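Below, read A as the first sequence line, B as the second, and so on, with proteins coming before strands; counting in each chain starts at 1. Just so we're clear, the structure is a prediction, and the values are computed from it rather than from any experiment.
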There are 2 protein chains.
Amino acid sequence: MTATDVEARLVAALGNAVSVERAALDEAMSDKSGHVSSGRPLAVVTARTIEDVQAVMRIATETRTPVVTRGAGTGLAGGAIAGPGEIVLSTLAMDGLLEVSVDDELAVVQPGIINAGLNAMLEQHGLWFAPDPASRAISSVGGNIATNAGGLLCAKYGVTREAVLGLKVVLADGRLIELGHRTVKGVTGLDFTALMIGSEGTLGVIVEATLKLRPVVTGPVAVIAATFPGVEAAARASAAVSASGLRPAIMELIGESAMAGISRYLGSDHPAGSQLILQFDGPGADVEGDAALQVIRSLGGDAQLSTDRVAGEALFAARRAFHPAMEQLGTVLIEDVCVPRSQLPAMFAAIGQIEERYGISIPTVAHAGDGNLHPNFVYEGREVPEAIWAAADELFLAALRLGGTLTGEHGIGLLKRRWLRDELGDDQLDLQRQVKAVFDPLGILNPGKVY
Amino acid sequence: MTATDVEARLVAALGNAVSVERAALDEAMSDKSGHVSSGRPLAVVTARTIEDVQAVMRIATETRTPVVTRGAGTGLAGGAIAGPGEIVLSTLAMDGLLEVSVDDELAVVQPGIINAGLNAMLEQHGLWFAPDPASRAISSVGGNIATNAGGLLCAKYGVTREAVLGLKVVLADGRLIELGHRTVKGVTGLDFTALMIGSEGTLGVIVEATLKLRPVVTGPVAVIAATFPGVEAAARASAAVSASGLRPAIMELIGESAMAGISRYLGSDHPAGSQLILQFDGPGADVEGDAALQVIRSLGGDAQLSTDRVAGEALFAARRAFHPAMEQLGTVLIEDVCVPRSQLPAMFAAIGQIEERYGISIPTVAHAGDGNLHPNFVYEGREVPEAIWAAADELFLAALRLGGTLTGEHGIGLLKRRWLRDELGDDQLDLQRQVKAVFDPLGILNPGKVY
């Protein structure tokens, strides 16, 4: 079966949902990781219904053609990048909000709905879908689920896995299955909903999701911004805040190289050193904020607290300027390791050593409440230079040594496959591949990704 | 290979860890479901180390002998019941608390540690393992994980799945794998930790767990007990409390037949009708309690609120008397369906109809915050009469029709296998069996349970 035959079958079944326009094909060759595939995919199919997805998968199975499911293309690990001979199955146009139940605090959505757009619609019902990846303004909920996306609020409000009750999934051969339920509890059989979340398009195509919502958080908000002479002192302070039982909604830590880059970008007198920014919300926010302020000052932080929403938002200025500051310097590889939060100082120390050894700067921010670091590598050109991968390799192994993981929230995709075995071990990796084969016996679902 | 040969090999490898004493064998024939297997198992092995577990599994694989892993034997679905020709692998003596990290809010435990005992040890560190099945005084953490145990506090504090970071698991052939990590985030590969939680001994033997802890909740507690003329009014009030965004730590609903049984048992003037009991904790407990009191009274509840710990505990008297009251009446089958909480009134109505049709009483309590009902069937003798199963069958199908699930927190075990296909559907059930076969190609792990 040639590519032309596959295209003809797709067009016969799906008509103008199928595109072979150069712009559409080019777009699917990359994502926000900066990585670009080796060539154009076969076609882009814009599915509008579950039946469209089933039709694509039936043709893919019959013709043994690989399928890359794609949402908004905002991934940072190359998980939705497509190359030669592959069908791109876009679920971005399946973007409906099908149901909101205030009584059951749930919503039923199609996968292409944008995270922030969904939350704008939910707000009028007093409800909130808590997963908040930094990409929330542009990323789809289906993509959030496929990568088990995190964000700034996870230490208090959990990751995507904790916000999904059930899924409808189209299997590799086009059959539709329903996983999970509309209840917050349920232990019937193996937890296939959890298995699907974070599976990065390797097990099936998510075509509908029942989301577990929370009431919108109202009441006071307390924001603290604290400057420390060095990142290890700031990391110790963040660990002390967590260990004292306080539960900030946000606790962001900005390393020294990152602060230097931000100060240059803002052209301002932003202080050097390292910054820790916390936000408390909910009924006890002001009391908790005061308690955290004590902890931070007792550990040498130069800190201010605001309970005013506008002034509080201003305290986030440095953090919000980080990504724009990096993008001005060159191409950016945003890394994503996670360590037990007590190991944050040790991980920052390890990053410092790698910076010295390689003679590079690795500006780093961290979601300190859950030990998730984003070391940024800035370089010239499109492809990540091997020297950068060598430094990243040391960084990954340091995270694993400290009891951490290769990826806290971005996924394995294409970019981290070579380290997968280091974390999972031979036996688990082998089992994972076998489970993948149960769902995808022909190996047509996002081949070459993750495994 | 005869049973005697298997026993000889176990004794050669494990010495006096192997018991064929009649009392030990008899004990493993049943659990707290009341169900009893058809005959004595082959032997009971009391593992003390991971190596012991590995040795058992190697012998089981070589001799194709079924293994039933067993903790404290407190299950309510027959998941850890063993019969003729089966090895009982007890992990109850592996009961160590291996590590507590205050900074990372985690503990590393062996599977046999008792839930309440663990929490007593954690309290001195200001930490808490939140899963709180009603059996917490006698159930093992390994069993809590194997069944994804729930409890009274789940609506606010989550189920067991949300409290486990990582697991060590011995596979069917004796290999040891490590799943998950010590971090609160992590998306490397498929989520095998979640897959293992609730798998009821069908995929492997849990030999160690890294638990995600919470700070002990301090501060005020507010308890409300409210009486309604009928259960549907009480259920509507509970739904209104949830929908108003309030988040009680506990919200228990006692149906009319259950209240009648409790009143007889206590021999007191406990009111008829239906009772709703709520507990709020944490910084905003008293404010939230006042708000809930308004909601409940506005819906016709005769309610009182207490912020005194002793007086508050007294308001739980009726709920605490429920199980003893039932046990005095005969043998009890505690059922466990879960529906979207908006469907609680409809589910209670369905139970009322089944009571009428079968001429039986089905005293029911519910964890109303998450729609989890425990209808109780009381009968004479040891085996559940077929008429009771017929009524239970209608009850399960009613829960499924309302968008619910067969089991909120007890599991499928032996007792609910015949309804599994009704909930999962043919295609999903087939995939689940294939995944089970990846982990257990010889079918020796808890055969006949769940699948």
Side-chain angles (χ1 to χ4, degrees), chain A residues 101-104 126 147-148 150 154-155 159 162 175 177-179 181-192 194-195 197-199 215 239 243 245 283-284 287 338-342 370-372 403-409 411-412 420 423-425 427-428 431-432 434-435 438-439 450, chain B residues 101-104 126 147-148 150 154-155 159 162 175 177-179 181-192 194-195 197-199 215 239 243 245 283-284 287 338-342 370-372 403-409 411-412 420 423-425 427-428 431-432 434-435 438-439 450:
Chain A
S101 167
V102 173
D103 289 343
D104 292 324
T147 56
N148 191 17
C154 302
V159 294
E162 274 117 50
R175 281 178 297 158
I177 58 171
E178 291 191 42
L179 310 177
H181 17 66
R182 288 169 66 93
T183 58
V184 290
K185 275 178 174 172
V187 291
T188 300
L190 300 174
D191 190 348
F192 269 19
L195 189 68
I197 297 168
S199 64
V287 177
C338 192
V339 294
R341 54 193 166 219
S342 66
D370 41 39
N372 189 188
T405 173
L406 282 177
T407 171
E409 56 187 18
I412 297 293
L420 190 64
E423 179 164 341
L424 297 184
D427 290 334
Q428 189 186 168
L431 284 172
Q432 294 216 349
Q434 288 184 59
V435 169
V438 165
F439 283 84
V450 188
Chain B
S101 167
V102 173
D103 289 343
D104 292 325
T147 56
N148 191 17
C154 301
V159 294
E162 275 116 52
R175 282 177 297 160
I177 59 171
E178 291 191 39
L179 309 176
H181 17 68
R182 288 169 66 93
T183 58
V184 290
K185 273 178 176 173
V187 290
T188 300
L190 299 175
D191 191 347
F192 270 19
L195 190 68
I197 297 168
S199 63
V287 177
C338 192
V339 295
R341 53 191 164 219
S342 67
D370 40 40
N372 189 188
T405 173
L406 282 176
T407 170
E409 56 186 20
I412 298 291
L420 190 63
E423 179 165 342
L424 298 184
D427 290 334
Q428 188 185 170
L431 284 171
Q432 293 216 352
Q434 287 184 58
V435 169
V438 165
F439 283 83
V450 187

Which of [options] touches chain A most, by non-hydrogen pairs under 4.5 Å:
options                        : value
B/G189, B/G425, B/G284, B/G404 : B/G189
B/D191, B/V287, B/T188, B/V450 : B/T188
B/D370, B/V102, B/V184         : B/D370
B/C154, B/G150, B/C338, B/G411 : B/C338
B/I177, B/I412, B/L420, B/V159 : B/I412
B/E423, B/R182, B/K185         : B/K185

Region of [X] that comes under 4.5 Å of a non-hydrogen atom in chain A:
X      : value
B/E409 : both
B/L406 : both
B/V438 : both
B/D427 : both

Legend entry - Contact summary for B/A194 and A/A194, nearest pair of heavy atoms: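 Result for this residue pair: CB-CB, 3.5 Å.
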Inset, instruction - Identify the two heavy atoms, one from A/S342 and one from B/D103, that lie closest to each other, and give their separation to 0.1 Å. - result: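 What the structure gives for the nearest pair is CB-CB, 3.6 Å.
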If you count heavy-atom pairs within less than 4.5 Å of chain B, which of [options] leads?
options                        : result
A/G186, A/G245, A/A243, A/S101 : A/G186
A/P215, A/G198, A/P340         : A/P340
A/G126, A/G408, A/A239, A/G403 : A/G408

Okay, side chain of [X], backbone of [Y]: is any donor-acceptor separation there less than 3.5 Å?
X      : Y      : answer
A/Q428 : B/E178 : yes
B/D104 : A/R341 : yes
A/Q432 : B/L190 : yes

Inset, instruction - Give, for atom NE2 of B/H181 and atom OG1 of A/T405, the distance between the pair rounded to the nearest 0.5 Å. - result: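 B/H181 NE2 to A/T405 OG1: 4.5 Å, rounded to 0.5 Å.
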Inset, instruction - For residues B/F192 and A/L424, determine if any side-chain heavy atom of one lies less than 4.5 Å from a side-chain heavy atom of the other. - result: no
